[in-house]
Amino acid sequence: MEEADEMVTPGEVLGRATDLKAGKGAYAASHNNTIYASLTGFRRIQAPPPASHDKRPTVEVTGHKAHGPVPEPGSVVIARVTKVMARTASADIMCVGPKAVREKFTGIIRQQDVRATEIDKVDMHLSFRPGDIVRAVVLSLGDARAYYLSTAKNELGVVSAESSAGATMVPISWTEMQCPLTGQIELRKVAKVVN
């Protein structure tokens, strides 16, 4: 049994996690047991393999063109900050895991998702600046086709930033980066270097 259904877009409901398993291009939201599409394409349901203990069919979304990687909840992404406001920062997602994306995906980092502690004291302008490269994890498909991103782990945050002098800054603490040319220190939510 393999049936191709109608065209779906990201965020569209594909079914219940009690009846179906999420395959490629789909993800299950644990808070409401609903499976959503994570890309544009055709909804397809495949029967479980005969030897499988799980008798639920798999629902997947197959693109009508060759797709690059697509951000899904739990994916680690690399993004470039484009705009910083009082409560949010916007970023263009450039990579999902080690692979570069082929389409434009926008991410939003909300004030409460910048760090794990002292959430109410977070100042977005002291955490990110436009042009910063950040490592973040995808929380969910947010609103208006933008993904909600989080940097609330030690290894997440700004991985590369340029100083006002145009040099690549060096991290010197969890919250500071320094320009190697001028010695000027700027505040950021710095990602711990992962070896």
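Here, residue 1 is the first one in the sequence, and each next residue gets the next number.
Here Asp132 pairs with Arg188 in a salt bridge; the nearest charged N to carboxylate O distance falls below 4.0 Å. Taking a cutoff of 4.0 Å between a charged side-chain nitrogen and a carboxylate oxygen, Glu186 and Arg129 qualify as a salt bridge.
Going from atom SG of Cys95 over to atom CD1 of Ile78 covers 6.5 Å, rounded to the nearest 0.5 Å. Between the CG atom in Asp120 and the CD atom in Gln112 there is a gap of 11.5 Å [rounded to 0.5 Å]. Distance check, rounded to the nearest 0.5 Å: OH of Tyr147 to OG1 of Thr106 gives 10.0 Å. Here Ser127 contributes atom OG and Leu187 contributes atom CG; the two are 8.5 Å apart, rounded to the nearest 0.5 Å. Put simply, CZ on Arg115 and OG1 on Thr175 are 8.5 Å apart, with the number rounded to the nearest 0.5 Å. How far NZ of Lys189 is from CG of Asp113: 11.5 Å, rounded to the nearest 0.5 Å.
For the pair Lys104/Asp92, a side-chain contact is recorded, criterion being any heavy-atom separation below 4.5 Å from C-beta on. At least one side-chain heavy atom of Lys21 sits less than 4.5 Å from a side-chain heavy atom of Asp54. Considering only heavy atoms from C-beta on, Val8 stays 4.5 Å or farther from Phe42 through its side chain.
In this structure, Arg80 places its CZ atom where only 12 or fewer heavy-atom neighbours from other residues, nucleotides or ligands lie under 6.0 Å away. In this structure, Lys55 places its NZ atom where more than 12 heavy-atom neighbours from other residues, nucleotides or ligands lie under 6.0 Å away.
Neither Ile93 nor Leu156 shares a network with the other; the hydrophobic side chains, linked directly or stepwise wherever heavy atoms of I, L, V, M, F, W or Y lie under 4.5 Å apart, form separate groups for each. Cluster membership for Leu149 and Leu126, using ILVMFWY side-chain heavy atoms within less than 4.5 angstrom, is not shared. By the rule that hydrophobic residues join a cluster once side-chain heavy atoms approach within less than 4.5 Å of another member, Val101 and Val70 end up as members of one cluster. Connection of Leu141 to Val13 is established within a shared hydrophobic cluster, with ILVMFWY side chains joined at heavy-atom distances below 4.5 Å, either directly or through further cluster members. Under the 4.5 Å side-chain contact rule for hydrophobic residues, Val81 and Val190 share a cluster.
For Thr9, the side-chain hydrogen bond (donor to acceptor under 3.5 Å, both in side chains) partners two or more places apart in sequence, or in a different chain, are Glu12.
The minimum heavy-atom distance linking Met124 with Ile109 is given by the pair CE-O, 3.5 Å. Ile35 approaches Ala17 most closely through the heavy-atom pair CD1-CA, 3.9 Å.
For the pair Ser90 (side chain) and Thr82 (backbone), a donor-acceptor distance under 3.5 Å is absent.
Defined by atom type and a distance below 3.5 Å, a donor-acceptor pair is present between the side-chain atoms of Arg16 and Thr34.
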In sequence, state the C-alpha distance, the side-chain angles, and the governing distance for Leu14 and Val61, and then conclude on side-chain contact (heavy atoms from CB on, under 4.5 Å). CA-CA 9 Å; Leu14 300 177; Val61 179; 3.8 Å; yes
Please determine whether side-chain contact (heavy atoms from CB on, under 4.5 Å) holds for the pair Ile185 and Ile172, giving the CA-CA distance in whole Å, both sets of side-chain angles, and the decisive distance to 0.1 Å. CA-CA 9 Å; Ile185 292 173; Ile172 55 173; 3.8 Å; yes
